[in-house]
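The next block holds one structure in the form of structure tokens; read it before the comments.
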Amino acid sequence: MTTIGDFLADSENMAEFGSRLRARRLARNLTTKMLAERTGLNRKTIMDLEAGRDVRLSTVMKVFRALQLLGTLNTALPDGIT
């Protein structure tokens, strides 16, 4: 896997993010249809996110919640740092 970081273009970071998200979904034995049903999103939106296309933050939050990944955001954005 490629490292997500400031040294990559946004499109490269988004593609890697989507790839990692797809891997998480597959590790949980979920199809795009199953994840779409769990999130209330449509299958195309899930596929767009996994392809690294631009989506809304609320979409990412719904997918993270469905995959039980919301807590991981504490690592990237810890509380109390100014």
Side-chain angles (χ1 to χ4, degrees):
M1 268 191 201
T2 302
T3 300
I4 294 174
D6 293 330
F7 54 90
L8 295 175
D10 289 346
S11 61
E12 292 171 308
N13 280 319
M14 290 169 61
E16 181 60 24
F17 179 86
S19 177
R20 291 182 189 191
L21 197 58
R22 181 176 188 271
R24 291 289 179 120
R25 175 182 58 77
L26 293 173
R28 288 169 171 76
N29 295 313
L30 294 171
T31 64
T32 53
K33 181 180 178 183
M34 292 165 67
L35 185 55
E37 289 170 355
R38 287 186 181 192
T39 59
L41 301 168
N42 65 50
R43 189 170 169 263
K44 182 184 179 315
T45 301
I46 301 297
M47 292 168 47
D48 284 347
L49 182 57
E50 290 182 357
R53 294 187 187 95
D54 203 1
V55 297
R56 298 172 127 182
L57 178 58
S58 60
T59 298
V60 175
M61 298 297 276
K62 288 176 184 178
V63 172
F64 269 44
R65 182 179 305 282
L67 295 175
Q68 299 175 332
L69 294 172
L70 276 177
T72 63
L73 295 177
N74 286 310
T75 302
L77 301 168
D79 190 25
I81 295 186
T82 56

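This is a predicted model, so every value here is computed, not measured. What you see below is based on every heavy atom in this structure, not just the backbone, and it leaves out hydrogens, waters and symmetry mates.
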Exercise for the section: Establish whether L30 and V60 are linked, either directly or via other cluster members, by ILVMFWY side-chain heavy-atom contacts under 4.5 Å. Expected result: yes
Practice task
Indicate if L21 and L57 have the same hydrophobic cluster label, given that clusters are the connected sets of ILVMFWY residues with side-chain heavy-atom separations under 4.5 angstrom.
Solution key: yes
Problem - Exercise: identify the closest heavy-atom pair between T72 and F64 - result: OG1-CE2, 3.9 Å
Completion exercise
Scanning both residues in full, the closest heavy-atom pair of L8 with I4 reads CD1-CA, 4.4 Å
Problem - Side chains of L35 and T39 in contact at under 4.5 Å (non-hydrogen atoms) - result: yes
Exercise for the section: Indicate if I46 and V55 have the same hydrophobic cluster label, given that clusters are the connected sets of ILVMFWY residues with side-chain heavy-atom separations under 4.5 angstrom. Expected result: yes
Exercise for the section: For D48 and T45, test the side chains for any donor-to-acceptor distance below 3.5 angstrom and give the result as yes or no. Expected result: no
Handout entry: ILVMFWY network linking M14 to M61, side-chain heavy atoms under 4.5 angstrom
Key = no
Fill in the blank from the handout: Nearest heavy-atom approach of R20 to T3 is NH2-CA, 3.7 Å
Handout entry: Heavy-atom pair with the smallest gap, counting every atom of R24 and L69
Key = NH1-CD2, 3.0 Å
Problem - Heavy-atom pair of closest approach, residues L41 and K62 - result: CD2-CD, 3.9 Å
Exercise for the section: Give a yes or no on whether the backbone of A36 and the side-chain of N42 come within a donor-acceptor separation of less than 3.5 Å. Expected result: no
Exercise for the section: For R28, look at atom CZ and say whether over 12 heavy atoms of other residues, nucleotides or ligands are found less than 6.0 Å away. Expected result: yes
Fill in the blank from the handout: Test side-chain contact (heavy atoms from CB on, under 4.5 Å), reference T32, set E37, M47, K44, R22, output is M47
